[in-house]
Each structure stands twice: as C-alpha cells, then as structure tokens.
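Have a look at the structure below, then the notes.
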Amino acid sequence: KCKETKLNEIVTVIFVMYYKTSMTVLEALNTSSVFRSEKDKNKNMQKEILIQRSKGAVPRAAVKTDFPCCLIERDETLEIEFIKDENSSTNQTTADPSLLSKSKPETLVTFLVKKDGGQKVQCLLKSNALRSRVQYVCVYAFKGENVKTALKRDGRFNNVIFQKHCALSEFGSEMHELSNPVDDLDGKAFQVVVLSDQNQPDSQDDLTFKQDGNTTSMDPSTKQYTLKKREKLKNKSEVQKFFREEYGKSVENFLEVKKVKQLMKLSDSVCQIRKGGTREGTGFLLFNRFILTNAHVIGIFTDLTKVNAEQFTAVFGYEDLDSKDSKCIPVKQLTDYFYGKDDKGRHLDYALLELDVDKMAECPNLFDSYSPNAPIKKGQICIVGHPGEGVKKMDPCFIIERENRLEAAHKHASEHQHLIHVINEKCVEEKWDFSAYENQFTYDSCFFHGSSGSPVFDVDCNLIGIHTGGYKYKTKGDKTWSVMEYGFSMQPILDNIIAVARIKGLLDIIRNVSQTAEQQNLIDTEMKDAEEPEES
C-alpha cells in the first residue's frame, strides 16, 4: 500500500513495508493511480522521472527507476519529480528484471557518488537536468561484482570515468579503484578522482548469456561462491573434506565395483574415428557392424556435404599410446546421417557408419544398453571417449539441469574474469543459447576436442545420449576452454534412423533398432511381406 499527495507537480509517495520487495521502484509507483495519472499527462510524456530518497548517509540522493524496493527503508519517503532531460536514456531501467526479482537485501549494497568529481573529471553525470537538481546519486550493486561494473550498469555516468584511471575517494581517506569489489562500499559516500590520465583499455565487464531465446546478465551475487567457501577453510583436513564433498559427488556411484566392471565392458565398444593418420573424433558400436558418431566428426556440417566415408577408419582398443592390441577396421559406407534441425525443431548431429566387417562379436552392442525411459534431465553421467585425440578415457560428471544452466555459465565466467571479453565475443559470434533444443542436455566435463561422438551413460550404465560439443572459446595461447559441454539424447536419433531405414528398405537396421514388442511385430510383418514373392 502507499499514500500519495501532490505538491506543485511533485508527487510524493510514502512506502509501507508490506510492499512487494521483489519490485523495482518504478514497478511499485505504477501501482499508484495518482502516479499513473501524473505520468500520463501530456506535459510529462517526454520527461524523465527523478526519484530522491529521504534517508541514507546523504538525504535527497537520486536513485534510478530500477532501484530495488527491498533497499527502501521502513516508512521512507520518496520524492518524485518529472524533469526535462535532453539525454532521455540516462534514467531508464538497465538491470535485468528477472535478476532483480530474486535479489535479497543481503546480496546487495548501495553507495553514494557525488555529482562533481575531483580535478580532471568534474563533469560526471550525463544529464544536465540531474546535475542541476541533486548533489549525490545513489547506486546499487551486487555483492561480488566490481565498482566499474556497477557504475556502467547504472548508466548515468559519462564514459570519461571508464576511459581514465579513476577511483572512488572517501573524501581524502581511503581510495577504492574501479576494479575493486563493491562489498566494502555499502552505505558510504564517495567522490570520483583521477589517479592517472592514461587511457584505460576497453573491456567488457558485464557478460550476457542466452537461454530459451532470452538474454540474461550475470548475477554477481552468485559469483565466486565456491572460491569464498574455500577461503574459509582453516586446515588441510577441511580442504580435503571440501573437495570430497564438492567434487566427489560426481564419481561416488561410479566407484562401485559392479558398475566399474560394467562400464569397462561397455567401453570396449568405443572407438576412435580416424581419417588417414588424423584423429577426428570418437564413435561407438551401436549394433552389429554399425557405429554411431557425430556428423561433424566426419566433416558433415550441412545436408549438402559430400563425404567419402571410405577414407575413415574405426580404431578399437586404443587405450595406450604404444598399444599393440588396437584393432583398425575400415569404414565401408555412410549408411545414414543428419545435421541440423528435424521437423520437430530438435537438433540432430549424427552419422551411422557401416564397418567393413561381418560382425563385431567381441564388442557389446551399446544399443542393448539403451533405455528409452532413462531420465536425462538430471543426475550423474559418465562419458567414454578419446578427448584431446588421445587414448580412451572416461569422465564421470553431473548433468546441469536446464534451470541451472545460466547459473553454471555465470559461475564459470566469474572464475575466469580475465577471459570475460573472450567469452563474450564468442558468445555473440556463435549466438550461444543454452536451451535452444529440448533434446539437448548439458554438463561440466573435461572432454574437449576429439571426444565428439562419445557415448554418454547414466548412473545405471544405460546409454542415454551422444556427446557432441561444448560452448568453447580460445585464449591467445590457443588453449581451449569451455563454459559447459553438451550432448543430445538418443531417441530422436534412433527415430530418424528408423525413418530413413524405412524409406530405403533397410529392414535389418529397423530390426536392430526396434524397442518394443509392438514395433517388433510390425517389423516382422514388414520383413515377411518383403520376402514373399509378388503374385503375377
């Protein structure tokens, strides 16, 4: 609830504590009929909204329209005025509403910045109208982010403070450089001063990722969570306990002897795909003499790509650099492939290769370990493949649930802040969207180049998908990093293989990829009909 009074075209709103604290100030104001009526008047349509607080270290400090209501004090009065501003974008909302809606007071800080800076940086604010009416502006920030990020997001400051080497001064006492975290600034007032006239390199402190087609900013309140937990550890035993708890979870179930033996047997069916002497990726025996890998592993990136499959070889048993037990089997032909979106909007990236051999009797068919009902939305998984173009390895890890993908991406970025500009460039260039496809699942793995086409098993050793790639970027030293990795579920791949096999009349493939008794009966009928001679 709120009470409103009008004083000479100044609307004053008194907030009461049971307002929704998840709102911004502007959202709360828009619940007031008096405010809406004032805002919609013709004389105010092109004006900016000036909001000044009555409480704080310096009264009458100006806040932006996106200021979180959870930071407004009990029974605090906000003075609202409509001002004519030639720079109409300086006071508009710039923070992601979804980010603010889940923020709590304990994750935020506020600090005051004087409108006039020190020598060489006196004109701080973009808006002349704002400079003429206030002495201080109130800035909110998320704990864990740096001062520069907070000031840039605020949007009211001229770029000069980011181009020069500036700092916040507690009026002659302590200096806080713009690269410092905001955590120690809460409730204090500062003046911007120039430490050096040397121009600062342009950097991108804010990082945005995309999920479900929506762009979302990094939530700095979650930054360095793991690192802060580590900082509190006092002795070696606590450190060991921490790493067991944080990282041991992903391998716990895969340490059971029974499952280790089962995985070892299944891993016999994993092979390295080579083209001449070049190691291209990973594949696995799906059934009989047919192996499955990613289409991009053999060079297919569009439906129009032409590939000579006979140039490829599947190498089984490559588990040691000097291994003499490796078995190289040439590829006979490319039986089926798909790269791109199917008619249901799912992304497919697979190639089914037929080996030039009658049967791989010594290797289990991994299709036999496939379970269409196995969940792939969460839980522990294990990937078996040839990462880094090397020997066969396995990596137990956790699926990153769909709703946690953005948080995981932000966590990675916060732990690699020195690479944020590289991450951001790649994110924009490749239009990363962590939830673009419903058949995609994500995880944090050490498997990079060379492991595409690896089988992914769940905690019960069921085949659930095919490892396909990662959201990768490279540094100057050409080292490859990845925000997270992803695979695609098996069912859409199998559906497409069956559909193509029906068109081509490949009944042997249909029989091997059948999954239910009902399907098997249908296939048996089809095969019987195909074998019976037509009546003349």
Side-chain angles (χ1 to χ4, degrees), residues 64 94-96 99 103 107-126 136-209 217-231 409-427 473 475-477 481 483:
K64 289 189 62 191
T94 54
D96 184 350
L99 189 153
S103 299
T107 67
L108 299 163
V109 299
T110 60
F111 57 94
L112 304 173
V113 180
K114 191 175 181 181
K115 70 172 182 178
D116 299 316
Q119 293 182 354
K120 301 180 181 179
V121 66
Q122 293 183 359
C123 186
L124 290 184
L125 301 178
K126 295 177 182 177
Y136 285 85
V137 294
C138 180
V139 178
Y140 74 87
F142 296 91
K143 288 182 179 179
E145 71 181 350
N146 61 34
V147 177
K148 185 177 181 180
T149 298
L151 295 180
K152 275 194 169 185
R153 184 182 54 247
D154 184 277
R156 292 176 290 184
F157 298 94
N158 281 317
N159 287 333
V160 64
I161 67 174
F162 308 118
Q163 295 167 349
K164 295 183 178 182
H165 185 190
C166 293
L168 297 183
S169 169
E170 290 188 53
F171 297 96
S173 58
E174 190 174 354
M175 291 284 186
H176 300 269
E177 294 200 33
L178 300 193
S179 59
N180 290 356
V182 298
D183 300 44
D184 297 330
L185 309 187
D186 195 28
K188 299 177 182 178
F190 302 93
Q191 183 180 38
V192 176
V193 296
V194 175
L195 299 180
S196 169
D197 285 331
Q198 185 175 359
N199 287 341
Q200 299 298 295
D202 185 30
S203 63
Q204 303 211 13
D205 297 280
D206 296 319
L207 181 64
T208 56
F209 290 121
S217 300
M218 185 195 305
D219 183 349
S221 66
T222 64
K223 291 168 73 173
Q224 299 176 324
Y225 170 73
T226 303
L227 296 179
K228 287 185 177 181
K229 285 182 68 177
R230 290 181 194 169
E231 290 170 2
H410 295 154
K411 181 177 181 293
H412 174 91
S414 71
E415 292 174 351
H416 300 82
Q417 290 195 41
H418 61 297
L419 300 175
I420 279 184
H421 65 289
V422 181
I423 300 173
N424 206 35
E425 286 176 4
K426 186 59 69 171
C427 179
Y473 59 97
T475 58
K476 288 183 179 179
W481 302 76
V483 175

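Position 1 is the first residue of the sequence; numbering continues from there.
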The reported gap from CZ in Phe111 to OH in Tyr136 (rounded to nearest 0.5 angstrom) is 13.5 Å
If you compare all heavy atoms of Val160 against all heavy atoms of Cys166, which two are closest, and at what distance to 0.1 Å? O-SG, 4.5 Å
N/O donor-acceptor pair under 3.5 Å between Asp154 side chain and Arg156 backbone: yes
Would you check, one step at a time, whether the test side chain to side chain contact (heavy atoms under 4.5 Å, CB included) holds for Phe142 with Leu108? CA-CA 5 Å; Phe142 296 91; Leu108 299 163; 3.4 Å; yes
Minimum heavy-atom distance between Tyr473 and His412, given as atom pair plus value: OH-NE2, 2.7 Å
Do Leu185 and Val109 have side chains that approach each other closer than 4.5 Å (heavy atoms only, starting at C-beta)? no
Kindly give the heavy-atom pair with the smallest separation between Ala150 and Glu145, and that separation in Å. CB-OE2, 3.8 Å
Take Val139 and Phe157 through the side chain to side chain contact (heavy atoms under 4.5 Å, CB included) test and state the conclusion after the steps. CA-CA 11 Å; Val139 178; Phe157 298 94; 4.0 Å; yes
Check: Leu125 main-chain N/O paired with Lys115 side-chain donor or acceptor under 3.5 Å: no
Work out which heavy atom in Thr110 is nearest to a heavy atom in Cys138; give both atom names and the distance. CB-SG, 4.1 Å
Interatomic distance, Leu195 atom CG to Lys120 atom NZ [nearest 0.5 angstrom]: 10.5 Å
Do you know which two heavy atoms are closest between Ala167 and Met175, and how far apart they sit? CB-SD, 4.5 Å
Please round to the nearest 0.5 Å and tell me the distance separating atom CZ of Phe162 and atom NZ of Lys152. 6.5 Å
Here the pair of heavy atoms bringing Val121 nearest to Val192 is CG1-O, 3.7 Å
Taken to the nearest 0.5 Å, the spacing of Asp184 CG from Glu170 CD works out to 9.5 Å
The reported gap from CG in Asn146 to CG in Leu151 (rounded to nearest 0.5 angstrom) is 9.0 Å
Derivation and outcome, side chain to side chain contact (heavy atoms under 4.5 Å, CB included), residues Phe190 and Glu174: CA-CA 10 Å; Phe190 302 93; Glu174 190 174 354; over 6 Å; no
Quick check for you: to the nearest 0.5 Å, what is the distance between Asp116 atom CG and Gln191 atom CD? 7.5 Å
